[in-house]
Trainee: 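Below are the structure tokens for one structure; questions will follow.
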Amino acid sequence: MGFADQRFNVNLSILFTELPLLERPAAAAAAGFTAVELWWPWIDSPTPAQAELDALKKAVEDAGVQLTGLNFYAGRLPGPDRGALSVPGEESERFRANVDVAAGFAASLGCTALNALYGNRVEGVDRAEQDALALENLVLAARAADRIGATLLIEALNRPESPAYPLVSAPAAVGVVDKVNATTGLDNARFLMDLYHLSMNGEDLPQVIARYAAKTGHVQIADNPGRGAPGTGSLPLEDLLDQLNKAGYDGWVGLEYKPGDRPSAEAFDWLPR
């Protein structure tokens, strides 16, 4: 067991960001990866021009890597936003406009996991109103994912870095997963288990894995403290991934960590070759 037995993909929205977007898939391939994932790359546009979508699709295909995960439009990320789907008004409309665009782009590359970030609480807006809007938009996203044979992922973030984000524990995120599945009847919503975020929340990670592995559709990792590569902090990531494996999780593990003060290509020395 251990790192050698995992299927790792690399997140091109946090690694290789020293390169232009269209050069990152080839850089990931050169570093030995066969799969990549992305946050929504067009921060200012939920509906980019077809030429931009086509250019990114070609870059992924030319690099010979598989796109295994994609975020729906999530506002300014990286930046102050943590999603758009629960934010009333223009941001919610932008999310809705993006749903079919993101699903169509994912389908064009055989990507079967779409991550929908919930969005921050808005001062002066009733939380129940935001949650009702969130459920409505997550149902739309789940149905779009279902049309392309994909999973809808719902992620818990961490309170210290995302204090206005309401899903800052595994139970909170899984509760939304269950609500979406109950509403759609599709059973295609799953938990995105990011071990870095959960550790930042002080959660008991072995207990989270034991309890929620069966509801987990994707796993992401970074070490803590620092959100760096495995081995730069104190998280027993190898043991935790072993536990996930034994609990039945056999999906991709996304590398969503910061490379530090070195080129991204040099941030994988912990990986067995």
Side-chain angles (χ1 to χ4, degrees), residues 1-43 48 52-71 74 76-79 105-106 108-113 115 153 155 158 161 192-197 199-200 218-242 244-245 251-273:
M1 303 292 284
F3 289 144
D5 299 295
Q6 308 295 331
R7 291 194 300 160
F8 292 109
N9 65 11
V10 62
N11 189 301
L12 297 181
S13 298
I14 194 168
L15 285 155
F16 296 108
T17 57
E18 65 268 32
L19 300 173
L21 176 64
L22 298 184
E23 293 178 22
R24 295 177 205 169
F33 292 95
T34 61
V36 299
E37 62 184 38
L38 279 164
W39 302 341
W40 184 249
W42 298 280
I43 293 171
E52 292 186 75
L53 294 161
D54 290 344
L56 181 55
K57 179 175 184 284
K58 184 176 187 300
V60 172
E61 290 175 334
D62 287 353
V65 292
Q66 174 68 43
L67 182 69
T68 54
L70 177 69
N71 283 21
R76 292 161 295 171
L77 184 75
F105 182 73
S108 76
L109 284 165
C111 172
T112 57
N115 184 23
L153 298 171
E155 182 175 9
N158 75 76
E161 293 173 328
L192 195 167
M193 185 186 292
D194 185 310
L195 296 176
Y196 166 75
H197 287 309
S199 70
M200 282 285 287
H218 186 46
V219 172
Q220 291 173 333
I221 63 169
D223 215 331
N224 188 24
R227 199 173 184 174
T232 60
S234 57
L235 274 185
L237 288 166
E238 198 160 5
D239 293 342
L240 292 167
L241 292 179
D242 277 351
L244 264 162
N245 191 282
W252 291 96
V253 175
L255 304 182
E256 200 185 48
Y257 60 77
K258 298 174 183 177
D261 57 356
R262 55 185 170 169
S264 295
E266 296 174 15
F268 308 109
D269 49 3
W270 59 275
L271 268 169
R273 291 297 177 183

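If you read the sequence from its start, that first residue is 1, and numbering goes on from there. As a basis for the values below, the full set of heavy atoms in this structure was taken, side chains included, without hydrogen atoms, waters or symmetry mates.
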Trainee: A side-chain contact here means heavy atoms from C-beta on lying under 4.5 Å apart; do Y196 and Q220 qualify?
Mentor: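 No, too far: nothing below the 4.5 Å cut-off.
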Trainee: How many angstroms lie between atom CZ of R24 and atom CG of L56, to the nearest 0.5 angstrom?
Mentor: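 So the CZ of R24 and the CG of L56 are separated by 9.5 Å.
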Trainee: Over all heavy atoms of both residues, which pair between L15 and Y257 is shortest? Give the atoms and the distance, please.
Mentor: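 Shortest heavy-atom contact: CG-O, 3.3 Å.
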Trainee: Any side-chain heavy atom of P230 within less than 4.5 Å of one from E238?
Mentor: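 A side-chain contact under 4.5 Å is absent here.
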Trainee: Tell me the closest heavy-atom pair linking A27 and L19, and the distance in Å.
Mentor: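 Reported closest heavy-atom pair: CB-CD1, 3.5 Å.
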Trainee: Check whether any side-chain heavy atom of R227 sits under 4.5 Å from a side-chain heavy atom of H197, and report yes or no.
Mentor: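 Touching, per the 4.5 Å side-chain cut-off.
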Trainee: Just how far is it from atom CZ of F8 to atom OG1 of T34, taken to the nearest 0.5 Å?
Mentor: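 Those atoms lie 12.0 Å apart.
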Trainee: Using every non-hydrogen atom in the two residues, find where C111 and G69 come nearest and quote the distance to one decimal.
Mentor: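 Nearest heavy atoms, C111 then G69: SG-N, 3.5 Å.
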Trainee: Could you give me the CA-CA distance, side-chain angles and deciding distance for D5 and L241, then say whether side-chain contact (heavy atoms from CB on, under 4.5 Å) is met?
Mentor: CA-CA 9 Å; D5 299 295; L241 292 179; over 6 Å; no
Trainee: For L244 and M193, run side-chain contact (heavy atoms from CB on, under 4.5 Å): C-alpha distance rounded to whole Å, both residues' side-chain angles, the deciding distance at 0.1 Å, then the answer.
Mentor: CA-CA 10 Å; L244 264 162; M193 185 186 292; 4.1 Å; yes
Trainee: Taking the side chain from D223 and the backbone from G231, do they hold a donor-acceptor pair closer than 3.5 Å?
Mentor: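 Yes; at least one donor-acceptor contact below 3.5 Å.
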Trainee: Could you tell me if the side chain of V10 sits less than 4.5 Å from the side chain of V65, heavy atoms only?
Mentor: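 The answer is no, as the side chains (C-beta and beyond) never meet within the 4.5 Å cut-off.
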Trainee: Going from CG on N115 to CG on L38, what distance comes out if it is rounded to the nearest 0.5 angstrom?
Mentor: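 Here the rounded value is 12.0 Å.
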Trainee: Is there a ring-ring contact (aromatic ring centres under 6.0 Å, His included) between F268 and F33 once you walk through the steps?
Mentor: CA-CA 10 Å; F268 308 109; F33 292 95; 4.8 Å; yes
Trainee: Compute whether any side-chain donor of one residue and acceptor of the other, for E256 and W39, lie under 3.5 angstrom apart.
Mentor: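 A pair is found: one side chain offers a donor N or O, the other an acceptor, under 3.5 Å apart.
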Trainee: Rounded to the nearest 0.5 Å, how far does OG1 of T112 lie from CG of L67?
Mentor: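 The distance works out to 9.5 Å.
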Trainee: Grab the two heavy atoms, one from N9 and one from V36, that are nearest each other, plus how far apart they are.
Mentor: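 That closest heavy-atom pairing would be CB-N, 4.0 Å.
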Trainee: Quick check: closest heavy atoms across T68 and A35, and the distance to 0.1 Å?
Mentor: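 The answer is CG2-CB, 3.7 Å.
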Trainee: Atom CD in E61, atom CD in Q66: separation rounded to 0.5 Å?
Mentor: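 Spacing of CD (E61) from CD (Q66) equals 10.0 Å.
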Trainee: Is the backbone N or O of W252 less than 3.5 Å from a side-chain atom of H218, with the two atoms forming a donor-acceptor pair by type?
Mentor: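 Checking the backbone N and O of W252 against the side chain of H218, a donor-acceptor pair under 3.5 Å is found.
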Trainee: Using a 4.5 Å cut-off on heavy atoms from C-beta on, say whether the side chain of W42 contacts that of L53.
Mentor: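 Sidechains of W42 and L53: in contact.
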Trainee: Is any side-chain heavy atom of Q6 closer than 4.5 Å to a side-chain heavy atom of L237?
Mentor: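 Contact flag for Q6/L237 side chains = no.
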Trainee: Show the nearest heavy-atom pair for residues L109 and V60, with the distance to one decimal.
Mentor: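 Shortest heavy-atom separation between L109 and V60 comes out as CD2-CG1, 4.1 Å.
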Trainee: Supply the atom-to-atom distance L153 CG to N71 CG, rounded to the nearest 0.5 angstrom.
Mentor: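 Taking CG in L153 and CG in N71, the distance rounds to 8.5 Å.
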Trainee: Using a 4.5 Å cut-off on heavy atoms from C-beta on, say whether the side chain of P25 contacts that of L12.
Mentor: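 The answer is yes, as the side chains (C-beta and beyond) meet within the 4.5 Å cut-off.
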